[in-house]
Amino acid sequence: MVTERISSVDTVDVRFPTSRHRDGSDAMNPFPDYSAAYVVLRTTSGAEGHGLVFTVGRGTEIAVAAMRSLAGMVVGQPVEELLADPGAVARRLTGDSQIRWLGPEKGVVHMAAGGLVNAVWDLAARRAGKPLWKLLADLTPEQLVAQIDFRYLRDALTEDEALALLRGAAGGRADRERILLERGYPAYTTTPGWLGYDDEKLARLCREAVDAGYHLIKLKVGGNLADDVRRMGIARQAVGPEIRIAVDANQIWGVPDAIGWMRELSAFDPYWIEEPTSPDDVLGHAAVRRAVAPVKVATGEHGHNAVMFKQLLQAGAIDVVQIDACRVAGVNENLAILLLAQKFGVPVCPHAGGVGLCELVQHLAMFDFVAVSGSTEDRAIEYVDHLHEHFVDPVRISGGRYLAPTAPGMSAQIVPASLAAFRFPDGPEWAAEAQPLTTVA
């Protein structure tokens, strides 16, 4: 009997020119080109697993190179062994003694490991014929806990505590799965709030968001205080007093600036302030939280790893945990973060919006509802109406809610025609820009 093995790890640098219309613009990233270091695991039987690392343009080639440097740890491995224990794959990819030096467990190499880990889970879900959220929800508490590296977490969450949390959520799991399939999962939208949009577009998109069923919208802030005050006034007038408005500074402020700026915006009843300062500054987030209450503090999309989330929770620094499918080392580390959030009683509102992030992170939030937290109260997945047409299994939104994906996998596969068109730098969408200018004498 021939053993099925991973035959290749194929990577593509794919970039979408979102900067041309200021889509995705914020105070820290005024002209992003939403991009992905995309990876496909192929097996000797022809099966595939898809993953990606989200980026915003320049530097995507570095993430591609990092995935290629890790590929040798996967190519040639027996598929049955990989799928039986993705946790072992994750530990191997994040624990290599030489490559780990470039992190450790942070930055490009950690994200690259996550891209490969997610591709393994995509392959596992495809093989099982289930969407990833369902595959995870069907695992036993013991199987889930075995996927997590607790080495740096036991002072906040032990294996026994994680097992107790998962076993405690077992009751009603079937009912929650039925509810998820019938009603979907709450979403909030950042579509109206990009910093590069003019006032008319802001007001129109805010009204459209309410009409579409959203109860929470998010605005980017931090460019200019007077502009932010004006834009918050426009948004509040457009949506009325009952709709929650979150604001996102994308790390642009120091701690005193964050506190002062938010006091100026408090008249508009902001629901949370997201990334008010450096994502690494645990004590800074705690200081901001104390000073701006009752406005909540949210962060996590740039959290390096589960240890950062552990410290934010231990320090009482955040009110909202924002996981990201592509920042930490994939599904396994996000399982740890979801369990940490549950132990500390802090709701999870995943970061999404960037190319592929909505598609991927929906599975983690839905698994959390079915098998961990058992709740959608004060929880919502971010949604941005950009670039979904490039995915084979794009997100589906109805009435301000994510509809549960039913196709096997993690919804990470990009349409082949899009890969060809937007491949950087030689895809046709980019090749014209690379042509030298003709000098006219």
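Please read these numbers as outputs of a predicted model, since none were measured by experiment. Below, each value reflects all heavy atoms present in this structure, side chains not excepted, and no hydrogens, waters or symmetry copies. For this chain, numbers begin at 1 and follow the sequence in order.
- Applying the salt bridge (Lys or Arg N to Asp or Glu O under 4.0 Å) criterion to Arg379, with sequence neighbours excluded, gives Asp368.
- Under the 4.5 Å side-chain criterion, counting only non-hydrogen atoms from C-beta, Pro241 is not in contact with Asp269.
- Put simply, CG on Leu340 and NZ on Lys310 are 8.5 Å apart, with the number rounded to the nearest 0.5 Å.
- Checked by atom type and distance alone, the side chain of Asn334 pairs as donor or acceptor with a backbone atom of Asp324 at under 3.5 Å.
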Checking Trp253 against Val288 for the side-chain contact (heavy atoms from CB on, under 4.5 Å) test, could you report, in this order, the C-alpha distance in whole Å, the side-chain angles of both residues, the deciding distance, and whether it holds?
CA-CA 11 Å; Trp253 299 320; Val288 172; over 6 Å; no

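- The pair Asp85-Arg92 does not count as a salt bridge, with every side-chain nitrogen at least 4.0 angstrom from each carboxylate oxygen.
- No more than 12 heavy atoms of other residues, nucleotides or ligands sit less than 6.0 Å from atom CD of Glu377.
- Using cut-offs of 30° and 60° for the angle between ring planes, the Tyr188 and Trp272 rings count as perpendicular.
- Remark: the His351 side chain and the Glu274 side chain contain no N/O donor-acceptor pair separated by less than 3.5 Å.
- The shortest distance between side-chain heavy atoms of His285 and Ser278 does not fall below 4.5 Å.
- Checked by atom type and distance alone, the side chain of Glu61 pairs as donor or acceptor with a backbone atom of Gly59 at under 3.5 Å.
- Of the possible polar contacts, none joining the Asn250 side chain to the Asn29 backbone as a donor-acceptor pair under 3.5 Å is found.
- Between the side chain of Thr190 and the backbone N or O of Val384 there is no donor-acceptor pair closer than 3.5 Å.
- Taking the side chain as every heavy atom from C-beta outward, Arg100 and Val109 never approach each other to under 4.5 Å.
- Among the candidates Val361, Leu180, Thr376, Leu136, the single residue satisfying the side-chain contact (heavy atoms from CB on, under 4.5 Å) test with Met366 is Leu180.
- Put simply, the side chain of Asn305 gets close to the backbone of Met308: a donor and an acceptor are under 3.5 Å apart.
- Taking the six-membered ring for Trp, Phe16 and His390 have ring centres closer than 6.0 Å.
- Heavy atoms only, all atoms of each residue included: Ile273 and Val295 are closest at N-CG1, 3.9 Å.
- Considering all non-hydrogen atoms of both residues, Leu202 and Pro192 come closest at CD1-O, 3.4 Å.
- In this structure, Arg231 contributes its side chain and Lys220 its backbone to a donor-acceptor pair below 3.5 Å.
- Dense packing is recorded around CZ of Arg396, with more than 12 heavy atoms of other residues, nucleotides or ligands lying under 6.0 Å away.
- For the residue pair Gly330 and Val117, the shortest heavy atom distance occurs at CA-CG1, 4.3 Å.
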Checking side-chain contact (heavy atoms from CB on, under 4.5 Å) for the pair Tyr214/Ile397: CA distance, chi angles, key distance, verdict?
CA-CA 11 Å; Tyr214 294 99; Ile397 297 286; 3.3 Å; yes

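- You'll find the side chain of Asp228 stays beyond 4.5 Å of the side chain of Glu264, heavy atoms only.
- Salt-bridge annotation for Glu142 and Arg167: present, with a side-chain N of the basic residue lying under 4.0 Å from a carboxylate O of the acidic one.
- Enclosure of atom CD in Gln314 by more than 12 non-hydrogen atoms of other residues, nucleotides or ligands within 6.0 angstrom is indicated.
- A 4.5 Å side-chain heavy-atom check between Leu70 and Val74 finds every atom pair outside the cut-off.
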Would you please test Leu157 and Leu165 for side-chain contact (heavy atoms from CB on, under 4.5 Å) and show each step?
CA-CA 10 Å; Leu157 178 72; Leu165 290 171; 4.2 Å; yes

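- The side-chain heavy atoms of Leu41 and Asp122, taken from C-beta on, include no pair separated by under 4.5 Å.
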List the steps and the verdict of salt bridge (Lys or Arg N to Asp or Glu O under 4.0 Å) for Asp149 and Arg91.
CA-CA 8 Å; Asp149 184 351; Arg91 287 187 286 274; 5.9 Å; no

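- Between the side chain of Arg327 and the backbone N or O of His304 there is no donor-acceptor pair closer than 3.5 Å.
- Contact detail for Pro270 and Met232: the closest heavy-atom pair is CB-CE, 4.2 Å.
- Taking 4.0 Å as the cut-off between side-chain N and carboxylate O, Arg15 and Asp33 do not count as a salt-bridged pair.
- With hydrogens and angles ignored, the 3.5 Å screen pairs no side-chain donor or acceptor of Arg244 with any backbone N or O of Leu216.
- The aromatic rings of His50 and Tyr38 sit tilted, their planes meeting at an angle between 30° and 60°.
- Among all heavy-atom pairs drawn from Leu163 and Val145, the shortest one is CD2-CG2, 3.6 Å.
- Taking 4.5 Å as the limit, some side-chain heavy atom of Arg401 sits within range of a side-chain heavy atom of Pro186.
- The side-chain heavy atoms of Leu205 and Thr189, taken from C-beta on, include no pair separated by under 4.5 Å.
- Classified by interplanar angle (parallel below 30°, tilted 30° to 60°, perpendicular above 60°), the ring pair Tyr34/Trp194 is perpendicular.
- Checked by atom type and distance alone, the side chain of Lys134 never pairs as donor or acceptor with a backbone atom of Leu132 at under 3.5 Å.
- For the pair Arg236 and Phe268, the cation does not sit on the ring face, since its NZ or CZ is not both under 6.0 Å from the ring centre and inside 45° of the axis.
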Evaluate Asp248 against Glu301 for side-chain contact (heavy atoms from CB on, under 4.5 Å), listing each step before the verdict.
CA-CA 11 Å; Asp248 184 357; Glu301 70 180 85; 4.3 Å; yes

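- Gln147 and Pro86 get closest at one heavy-atom pair: OE1-C, 3.4 Å.
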Run His388 and Glu359 through side-chain hydrogen bond (donor to acceptor under 3.5 Å, both in side chains) and show every step you take.
CA-CA 8 Å; His388 303 295; Glu359 278 72 17; 2.7 Å; yes

